[in-house]
There are 2 protein chains.
Amino acid sequence: MRHKRAVAAITPSLAQPAYQQIKNYVLEHIQNGTWKEGDLIPTELALCETFKVSRMTVNRALRELTTDQLLVRYKGSGTYVAQPKFQSTLIEIRSIAQDIRDRGHRHSSKVLQLDSVRANDLQARRFQIAPGAKLFHSVIVHYENDIAIQVEDRLVDAAVAPDYLEQDWQVLTPNEYLMRVAPLPNGQYTIEVKLPTKEIAAQLDIPMSQPCLVMDRVTFSNRAFTSNACMWHPGNRYKFAGKY
Amino acid sequence: MRHKRAVAAITPSLAQPAYQQIKNYVLEHIQNGTWKEGDLIPTELALCETFKVSRMTVNRALRELTTDQLLVRYKGSGTYVAQPKFQSTLIEIRSIAQDIRDRGHRHSSKVLQLDSVRANDLQARRFQIAPGAKLFHSVIVHYENDIAIQVEDRLVDAAVAPDYLEQDWQVLTPNEYLMRVAPLPNGQYTIEVKLPTKEIAAQLDIPMSQPCLVMDRVTFSNRAFTSNACMWHPGNRYKFAGKY
DNA sequence: TAGTGGTCTAGACCACAGC
DNA sequence: CTGTGGTCTAGACCACTAT
C-alpha cells in the first residue's frame with residue numbers, strides 16, 4: 001500500500017520531516033509551560049493519531065528528545081518531561097594551534113623539555129596506572145603572533161604513544177597527535193587560578209606575581225589512561241570562551 | 001511474515017540490541033584504526049547483508065553515530081569517518097546550591113542588592129535588546145558552610161521574569177528560578193582571572209590583591225535574551241571541574 | 001542511470017508497569 | 001490482564017551524487 005506522508009495536525013506541506021515537526025510540537029509544549037517537568041505526555045499511539053503518522057516516526061522523535069535529556073521514558077509506564085538540566089556548558093577545546101589560526105593569527109611553539117620518566121605513586125593512583133610505568137614528558141610553549149599564551153606540561157602513557165619523543169611538534173601539537181593515536185578521548189579537567197613558578201613565569205614573559213588561568217586535564221581513551229596535560233595561561237591576556 | 005531478530009555476524013544471542021552491536025562494530029573499526037578519518041565505510045545495504053538485519057536497523061546505528069559526530073553522511077555519496085573532534089568538554093554547571101549540597105555542605109545566601117535598571121547602549125548591543133529596556137539587577141553572595149564562595153551579579157530581562165524582584169532567594173537561586181520561567185537555555189560564557197573590586201573583595205572576605213576566577217555568562221531562551229550573570233569566585237579556594 | 005543516504009509505513013514480538 | 005515503550009522487518013518513495 002502507499003502512504004501519503006500525512007502530516008495533518010501541524011503542517012500539510014513538508015518543509016520539515018514529520019519526526020522533526022513532532023519534536024517541535026513537544027518542545028513548544030515544554031517551552032511554553034503546557035507540559036511541565038515530571039508531567040506525563042501523550043503516548044506514542046496517541047501522537048500517531050494526532051499526526052497521522054506511523055509509530056516508528058513518533059518513536060524517532062521521542063527517542064531523540066530522550067537522548068537530548070528533555071524527556072524520560074519508562075517501559076510500561078509512559079513518557080515524562082525530564083527534570084531541567086540547569087546549564088550544560090559545552091566548552092569546545094580544539095587544537096590551540098587551530099584556535100589561534102581561526103583568529104587569523106600565527107601559531108608557533110617551542111619545545112622546552114622532552115624526556116622519559118617513571119610514574120610515581122601519586123601519578124599511578126591519579127591516572128589508574130602501575131607505579132613505575134613508563135611515561136613521556138614534554139613541556140611546550142605556544143605563541144600567538146610570537147606572544148606566549150600557553151605553557152603545556154604533559155605526561156603521556158608510553159605504551160599508547162611509543163613514538164612520542166620522535167614527533168615534530170612544529171607540525172602537530174601534542175593534542176592533535178594524541179587524537180590520532182588515541183581517538184574518542186574522555187576524561188576530567190579542572191580550571192583554576194594559580195601563581196606561576198619561576199620557570200613558567202619566565203616562559204610566559206610575566207612576573208611571578210601575575211596569576212595564571214590553569215587547566216589540568218586527564219584523558220582516557222577506550223578506558224585506558226592516555227595523557228595528563230597541565231596548561232598555564234597568563235591571566236592578564238587569556239580567557240576561556242564557549243557556548244552551550 | 002515472521003523475522004528472527006537475526007544478529008548473525010556478531011552475536012547470535014542478543015545481549016545487546018542489533019543496532020548497538022552495529023554501532024560497536026563501527027566504533028571498533030574506528031578505534032583500532034582499520035577505518036581512518038575521511039575513509040568511506042560500508043553502505044547501509046552492505047551492512048544489512050553483513051548483519052542480516054533490515055535497513056532501518058542499520059540506519060539507526062549509523063544515524064546515531066552521525067549525531068555523535070563520529071561519522072559524516074552524504075546523500076548519493078556514502079558514509080565517511082568524521083574528522084576527529086579534538087576535545088569537547090562538557091562542563092555541567094548546575095545550581096550552585098545543589099553543587100554545595102552534593103558535597104555534603106550547607107548552602108546559604110545573602111541578597112546585597114535588588115533593583116530595576118535600564119539597559120545602556122553597551123548592554124543593548126551585547127544582549128541584543130533595545131536600549132533603555134527594563135532589566136532587573138541582583139547581587140547575591142553564596143556561602144558554603146558560611147564561607148563565601150561566589151558573588152553573583154546578575155541582570156535579567158524584566159519581560160521574561162516580571163516577578164523577579166518578589167522572589168525569595170533563600171528558597172531558589174536565580175539560576176534555578178530562571179530555569180523555570182525560561183527553559184531550554186543557551187548562550188555563551190567566558191572564564192577568566194580578574195582582580196576583585198573593593199566591594200566584591202569585602203563580600204568574599206579576601207584582600208583586593210587576591211585574583212578571582214570569574215565566569216561571565218549570557219543566556220538566551222527561545223532566541224530571546226534572558227539573563228547575564230557575572231560570577232566571582234575567590235581564586236584561592238575555588239575551581240571549576242568537569243568531565244568530557 | 002545506478003547507487004547512496006533520508007524518510008516513512010504498517011505491521012510485529014518483547015519486556016515491563018500497574019491494575 | 002491491558003497498555004506502555006523498545007526494537008525490528010520488508011518493503012517503499014524521494015533527493016542527491018557520480019558516472
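Below, all heavy atoms of this structure are taken into account, side chains as well, without hydrogens, waters or symmetry copies. All chains are named by letter (A, B, ...) in the order of the sequence lines, taking the proteins before the strands, and each is independently numbered beginning at 1.
- Seen from the ring of B/Tyr189, B/Arg217 does not count as a face-on cation partner, given the 6.0 Å and 45° thresholds.
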Next on the checklist: Across nucleotides 14-19 of chain C, 5' to 3', mark each nucleotide with B, S or - according to how protein heavy atoms within less than 4.0 Å reach it.
Outcome noted: -BBB--
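- Between B/Glu144 and the options B/His107, B/Arg106, B/Arg103, a side-chain hydrogen bond (donor to acceptor under 3.5 Å, both in side chains) holds for only B/Arg103.
- The CZ-P distance, from A/Phe51 to C/dA10, rounds to 17 Å in whole Å.
- When ring centroids are compared, A/Phe127 and A/Phe220 stay outside the 6.0 Å threshold.
- A distance below 6.0 Å separates the ring centres of A/Trp169 and A/Tyr164.
- OP1 and OP2 of C/dA10 both lie 4.0 Å or more from every side-chain N or O belonging to A/Arg55.
- For A/Glu44 and D/dT7, the CD to C1' distance is 11 Å, given to the nearest whole Å.
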Checklist entry - What's the verdict on side-chain hydrogen bond (donor to acceptor under 3.5 Å, both in side chains) for B/Asn24 and B/Gln20, showing C-alpha distance, side-chain angles and the deciding distance? => result CA-CA 6 Å; B/Asn24 292 342; B/Gln20 185 58 57; 3.1 Å; yes
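- The CG-C1' distance, from B/Asn59 to D/dC8, rounds to 13 Å in whole Å.
- Considering only side-chain atoms of A/Pro17, the nucleotide from D/dG5, C/dA10, C/dT7 that sits closest is C/dT7.
- Side chains of A/Tyr177 and A/Asp168: no donor on one and acceptor on the other come within 3.5 Å.
- When the side-chain nitrogen and oxygen atoms of A/Arg73 are compared with OP1 and OP2 of D/dG6, one or more of them lie within a distance under 4.0 Å.
- Atom CZ in A/Arg60 sits roughly 15 Å away from atom P in D/dT7 (whole-Å rounding).
- Two residues, B/Met56 and A/Gly78, neighbour DNA chain D, and the one matched to the more 5' nucleotide by heavy-atom proximity is A/Gly78.
- DNA chain D contains the following stems of three or more consecutive Watson-Crick or G-U pairs, with both distances under 3.5 Å: C:1-16 with D:3-18.
- Under the side chain to side chain donor-acceptor pair (under 3.5 Å) criterion, B/Gln123 pairs with no residue at all, not counting sequence neighbours.
- Counting to the nearest Å, the P atom of D/dA10 and the NZ atom of B/Lys52 are 12 Å from each other.
- When rounded to the nearest whole Å, the span between CD of B/Glu64 and C1' of D/dT7 equals 12 Å.
- Considering only side-chain atoms of A/Ser54, the nucleotide from C/dT9, C/dG6, D/dA10 that sits closest is C/dT9.
- For A/Thr50 (side chain) and A/Ala46 (main-chain N/O), a donor-acceptor pair under 3.5 Å exists by modelled atom type.
- For C/dT7, neither phosphate oxygen OP1 nor OP2 lies less than 4.0 angstrom from any side-chain nitrogen or oxygen of A/Thr57.
- When rounded to the nearest whole Å, the span between OH of A/Tyr80 and C1' of D/dG3 equals 12 Å.
- With contacts defined as side-chain heavy-atom distances shorter than 4.5 Å, the pair B/Trp35/B/Val26 qualifies.
- Not one side-chain nitrogen or oxygen of A/Tyr19 sits closer than 4.0 Å to the OP1 or OP2 atom of C/dC8.
- Look at CG on A/Leu45: it is 13 Å from C1' on C/dA12, rounded to the nearest Å.
- Closest approach of A/Ile30 to A/Leu71, counting heavy atoms only: CD1-CD2, 4.1 Å.
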